[in-house]
Amino acid sequence: MKKYNADVVVIGAGAAGMASAIEVKRGGLSVLIIERDKELGGITLQCIHNGFGLKEFEEELTGPEYAQRFINEVKDLKIPYLLDTMVFEITKDKKIYAVNKQDGLIEIEAKSIILAMGCRERTRGAINIPGFRPAGIYTAGQAQRFVNIEGYLPGRTFVILGSGDIGMIMARRLTWEGCKVKAVVEIQPYVSGLLRNQVQCLEDYDIPLITSYTVTKIHGKDRVQGVTISKVDRNFDRIIGSDKFIECDTLLLSVGLIPENELTIQAGAKLSKNNGPVVDNNLETTLEGVFACGNVLQVHDLVDLVSAEAKRAGKNAIEYIKVRYKKKIKDQGIIECHSGENVNYIKPDIINKRDLTKDIIFTFRVAYPDRRVNIQFRDENDKIIYTRKKIYVIPSEMNELTINLSNININPETKRIKVEVVPRPEVLIEED
Amino acid sequence: MIYDVIIIGGGVIGCCIARTLSKYDLKVALIEKEADIASGTTKANSGVVHAGYAAPREYSKRDLCIRGNKLYTQAAEELNFPFQRIGSFVVALEENQIKELEEERKLGIQDGIPGLELILDKQKIKYMEPNITDNVVGVLHAPSAGIVSPYEMTFALAENAAMNGVKFFRNHKVSKIKHQNYIFTITTKSGEFKTRNVINAAGLFARKISRMVGLDYFEILPRKGEYILFDRNAMHLNKILFPIPTKVSKGILVCPTLHGNTFVGPNAQNINDKKDISTTEAGLKEILEGGRLLVPNLPLRASIRNFAGLRAIPDSYDFIIDNTDIYGFINVAGILSPGLSSCFAIAEKVIGFLELLGVELKIKEDYNPIRPKPDRFKDFSKEELDRKIMENASWGRIICRCETIPEAEILNAIHAPVGATTVDGIKFRCRPGMGRCQGGFCRPRVIEILSRELNISYEEVTKRGEDTNFLVGKTKEFVLDELRVGEEE
């Protein structure tokens with residue numbers, strides 16, 4: 001059994017893991033990255049399209065280019081990392097157990113752990129589709145890996161279920177490969193990915209986007225031969241008589257992403273309703289000294305935002321080791337954050353009252369699109385303590401607010417706040 | 001070469017007979033039309049080993065089930081397949097159903113079913129199975145009922161049979177059987193076989209095989225059953241829960257699996273197409289409604305898969321196990337429920353027929369009834385794991401992260417006797433792709449390993465045999481082909 005130790009151990013070497021490790025190393029502490037794939041970079045390596053880095057580097061990069069900037073820095077800073085290494089257990093006293101081919105069983109002792117395992121694709125859309133289970137059904141990301149990494153085509157004619165970003169990007173990618181994408185079918189009345197992908201990946205290539213429809217049957221016993229799509233009503237129930245058959249040999253699913261938290265659950269951290277861990281305003285999970293950042297915490301729109309959040313986690317891990325590690329800190333209580341009307345989830349889940357004088361970054365997603373809204377914070381007495389206007393909100397865009405709660409009128413005894421997004425009362429003059 | 005016995009059909013029945021025959025000094029082969037064994041009814045059924053009270057006394061399947069159930073203990077020990085006697089409840093929701101259950105209990109006890117008891121104490125029922133509906137008024141408890149993974153058991157049977165000399169031929173669809181001078185000549189799409197005895201265990205297609213030797217005295221109808229599988233951790237059932245049975249079926253049950261999942265199903269639809277394993281909107285709705293009668297809080301959001309299987313229903317509703325008028329041709333057809341429960345008893349009966357036919361049953365000196373337990377990452381202690389990886393590095397490369405399956409388990413599945421040759425073959429042998437992500441992450445890696453180990457191209461790797469290829473070509477080639485076509489024009 002091989003043993004390692006480090007001040008901070010980062011699990012995952014994608015955009016989040018590398019950014020947080022760099023932050024820790026720059027802060028003067030030792031750090032070790034553990035990655036289950038055979039190279040650093042994570043999922044960005046298969047995202048060969050552009051659009052990365054506009055915020056982080058003020059340049060437009062491809063996924064691998066974006067990853068390479070961080071890989072170079074990891075190497076320049078001589079941050080140690082283990083590749084092809086799978087963590088399977090985190091103990092209460094922050095011992096990490098992993099395996100790889102060279103070292104066998106590995107035991108790592110850490111003062112602090114940063115969880116940066118990313119997310120995986122939902123398959124939920126697939127399982128409720130009745131019909132056969134032929135070859136030719138893939139998640140969009142799986143198809144992306146086949147095409148961009150392995151160099152193989154998973155089919156010739158495609159229907160894509162779900163208008164998630166990877167699905168739309170794959171529609172364009174496959175068109176470039178000479179494949180025919182017959183349609184992108186979305187059950188919601190609106191696109192679930194970014195507007196720029198709708199324009200650049202579908203409209204520019206005349207790929208039909210069919211909203212308020214879903215796949216209701218898969219045809220073909222051995223290989224997919226086509227799908228039936230049907231219009232749905234507001235409750236997503238199939239409208240009888242609206243069926244259309246589309247011939248295709250492959251069905252791609254792009255029905256959303258879900259934080260990958262098997263290890264987080266094993267370690268004993270609590271999860272919240274977005275399937276990410278419950279975190280406080282320092283991105284610390286319910287396990288002391290264990291932080292989470294990037295898509296394992298919440299699915300982000302842009303990798304740049306992942307890196308930014310990861311840097312915060314890195315800074316907070318340093319603060320933890322320098323200030324709180326093995327020290328008794330006076331408990332000043334917490335404020336719970338809950339999601340109200342049209343808010344799917346809110347991060348952080350918990351605010352430490354000792355941090356009330358600090359800027360707190362809130363991130364949340366809405367449940368449905370709306371225009372001319374107020375973002376409101378209410379305390380447990382239903383009193384509105386904070387309001388901000390917004391022209392529009394859509395589920396595909398994560399909202400971010402930085403608030404210093406000491407600047408707003410909050411009762412020091414408050415134990416619970418609720419965030420809601422509500423239509424603004426009609427006004428005669430547009431104020432935005 | 002002339003075989004002593006050829007078994008047609010590699011489902012649980014065929015493989016069980018093969019394994020039982022492998023004990024004897026005989027030349028035995030099993031031929032299967034699909035790319036893998038356990039591909040038909042065996043792959044998609046409830047996996048319940050019934051206690052045996054359900055079938056009426058006038059059917060042969062009652063005795064075979066009661067006997068078969070008992071034979072499971074030794075078989076599971078020898079073959080190391082997952083099997084647990086967790087016990088079943090038949091759930092009465094109305095007072096007037098209790099009498100029916102009491103009648104079944106009495107008859108069952110007379111026929112030697114161990115431990116059958118009627119429980120009317122609701123508190124006790126709830127204690128034994130907390131998920132059961134509040135509407136329960138009583139249950140018939142059969143402690144000898146159990147759950148088994150039917151395909152893992154079939155792989156174990158086949159492996160042990162192969163270890164003891166039975167030859168397996170997959171991708172060999174039978175097209176013709178000739179019999180002359182007490183020798184059968186079986187023509188398949190991939191070669192010809194000669195044998196003195198034939199055992200027809202062709203499941204849904206048993207009538208077709210029987211008619212090849214001119215025997216046409218039964219009908220097999222496909223009856224579809226749909227299932228929904230729930231994620232591990234979503235619910236933990238202790239017992240197999242049945243509704244009060246109807247004349248034709250045991251009804252929609254709610255049942256745990258050996259891997260910690262819960263499933264609900266099956267319904268029963270008579271259909272015409274023997275390959276129609278599609279699920280339907282109405283069917284899925286029906287089984288959920290049925291399941292909710294027994295367990296109201298089914299974890300709907302945690303459903304990870306739905307699937308359907310076909311039962312081979314004979315027109316007589318009883319097993320057709322016959323030493324036929326064609327000397328040396330044995331039909332083992334129409335093995336409907338409780339066929340899985342009865343398989344070891346069915347195999348005994350078939351051996352008896354072969355003895356009557358004059359086949360010499362001499363036990364091999366080197367017969368080994370033990371099929372070693374497959375090594376599993378999850379079963380190892382940390383020390384064992386470390387040692388395993390040091391001995392063989394492929395234990396340290398995790399391929400499936402939902403189920404924690406290392407490359408070594410996949411290599412073992414490929415190189416086992418009657419090993420996996422397809423992605424589904426690997427999935428059913430060692431579970432990569434069975435978990436929450438349903439293969440999203442591991443499938444490209446499994447394809448890579450199959451391609452390397454079987455020395456075939458990526459495009460030749462299939463889901464489950466012919467015409468189920470995953471990849472259609474390399475990138476750029478397709479665009480270039482199109483351009484070339486353009487040039488020619």
Side-chain angles (χ1 to χ4, degrees), chain A residues 1-2 36 84-86 88-89 97-107 120-124 126-136 138-139 141-142 145-156 176-179 216-219 221-223 238 249-250 253 258 260 262 265, chain B residues 228 233 275-284 301 303-307 377 382-383 385-390 393-398 401-402 404 406 436-441 443-444 447-448 458-459 462-482:
Chain A
M1 184 167 68
K2 191 129 181 183
R36 66 184 162 208
D84 249 329
T85 304
M86 178 85 177
F88 64 93
E89 189 181 339
Y97 289 96
V99 288
N100 71 22
K101 286 175 117 169
Q102 299 77 41
D103 300 333
L105 183 73
I106 302 167
E107 184 187 284
R120 65 158 181 267
E121 296 178 282
R122 274 186 197 276
T123 57
R124 271 266 287 286
I127 56 127
N128 293 322
I129 307 170
F132 290 96
R133 292 291 171 263
Y138 304 89
T139 62
Q142 205 179 8
R145 186 187 159 100
F146 279 131
V147 176
N148 293 347
I149 304 275
E150 316 274 354
Y152 288 91
L153 290 176
R156 300 276 200 230
W176 287 342
E177 283 296 339
C179 301
T216 48
K217 192 166 180 192
I218 298 168
H219 302 262
K221 285 170 193 169
D222 296 324
R223 176 83 197 190
R238 184 165 66 99
D249 65 17
T250 311
L253 306 163
I258 181 164
E260 173 119 32
E262 273 68 35
I265 297 168
Chain B
I228 298 176
N233 310 326
K275 289 180 176 167
D276 179 5
I277 50 164
S278 64
T279 53
T280 62
E281 214 177 313
L284 298 176
R301 289 177 62 93
S303 67
I304 54 173
R305 218 163 99 79
N306 61 55
F307 60 93
F377 183 98
K382 293 201 172 78
E383 293 69 33
L385 195 57
D386 194 40
R387 206 177 55 235
K388 272 283 178 194
I389 301 171
M390 289 299 133
S394 63
W395 280 99
R397 186 187 175 212
I398 305 297
R401 57 197 191 196
C402 298
T404 325
R436 268 159 237 116
C437 86
Q438 292 282 297
F441 175 80
R443 199 191 276 162
I447 290 175
E448 168 214 311
Y458 272 42
E459 295 98 313
T462 64
K463 181 171 162 60
R464 51 167 181 262
E466 215 178 347
D467 297 327
T468 62
N469 312 58
F470 283 103
L471 302 167
V472 299
K474 291 206 168 78
T475 53
K476 308 293 177 284
E477 275 179 3
F478 188 38
V479 183
L480 292 174
D481 286 351
E482 299 266 291

Give, as side chain, backbone, both or neither, the part of B:Ile228 having an atom under 4.5 angstrom from any heavy atom of chain A.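 Neither; nothing under 4.5 Å.
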At a heavy-atom separation under 4.5 Å, does B:Phe307 approach chain A through its side chain, its backbone, both, or neither?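 Answer is neither: B:Phe307 stays 4.5 Å or more from chain A.
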With sequence neighbours left out, write down each residue that passes side chain to side chain contact (heavy atoms under 4.5 Å, CB included) with B:Asp276, or none if nothing qualifies.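 Listed in chain order: A:Phe132, B:Lys224, B:Ile271, B:Asp273, B:Ser278.
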So which of [options] has the biggest tally of heavy-atom pairs under 4.5 Å with chain B?
{"options": "A:Glu107, A:Met86, A:Glu150, A:Gln142", "value": "A:Gln142"}
{"options": "A:Glu121, A:Arg36, A:Lys221", "value": "A:Arg36"}
{"options": "A:Gln102, A:Arg238, A:Lys217, A:Lys2", "value": "A:Arg238"}

Sort A:Asn148 into side chain, backbone, both or neither according to what part of it lies under 4.5 angstrom from a heavy atom of chain B.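 For A:Asn148, no heavy atom lies under 4.5 Å from chain B.
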Chain B contact via A:Glu262 - side chain, backbone, both or neither, heavy atoms under 4.5 Å: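 Side chain of A:Glu262 only, per the 4.5 Å heavy-atom cut-off to chain B.
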Tell me, out of B:Lys388, B:Arg401, B:Glu281, B:Arg397, who's got the most heavy-atom pairs with chain A below 4.5 Å.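 Maximum pair count with chain A is reached by B:Arg401.
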Below 4.5 Å, heavy-atom pairs only: which of B:Ile447, B:Asp467, B:Thr462, B:Leu385 has the largest tally toward chain A?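 Ranked by contacts with chain A, first place is B:Asp467.
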If you measure from [atom1] on [X] to [atom2] on [Y], what distance do you get to the nearest 0.5 Å?
{"X": "B:Met390", "Y": "A:Asp103", "atom1": "CE", "atom2": "CG", "value": "6.5 Å"}
{"X": "B:Thr404", "Y": "A:Phe88", "atom1": "OG1", "atom2": "CZ", "value": "9.0 Å"}
{"X": "A:Arg223", "Y": "B:Lys463", "atom1": "CZ", "atom2": "NZ", "value": "11.0 Å"}
{"X": "A:Phe146", "Y": "B:Lys474", "atom1": "CZ", "atom2": "NZ", "value": "14.0 Å"}
{"X": "A:Ile218", "Y": "B:Thr279", "atom1": "CD1", "atom2": "OG1", "value": "8.0 Å"}
{"X": "A:Asp222", "Y": "B:Asn469", "atom1": "CG", "atom2": "CG", "value": "9.5 Å"}

Carboxylate-amine/guanidinium contact A:Glu89 B:Lys382, below 4.0 Å: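 A salt bridge links A:Glu89 with B:Lys382.
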Sub-3.5 Å donor-acceptor pair from the side chain of A:Tyr152 to the main-chain atoms of B:Phe470, do we have one?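 Flag not set: sc A:Tyr152 to bb B:Phe470 has no pair under 3.5 Å.
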What is the minimum heavy-atom distance between B:Leu471 and A:Pro154, and which atoms define it?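 The pair with the smallest heavy-atom distance is CD2-CA, 3.9 Å.
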Restricting to non-hydrogen atoms, name the atom on A:Gly104 and the atom on B:Ile389 that form the minimum distance, rounded to 0.1 Å.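 Closest approach of A:Gly104 to B:Ile389, heavy atoms only: CA-CG2, 3.4 Å.
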A:Tyr97: ring pair (Phe, Tyr, Trp, His ring centres under 6.0 Å) partners, not counting sequence neighbours: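 Checked A:Tyr97 against ring pair (Phe, Tyr, Trp, His ring centres under 6.0 Å); zero matches.
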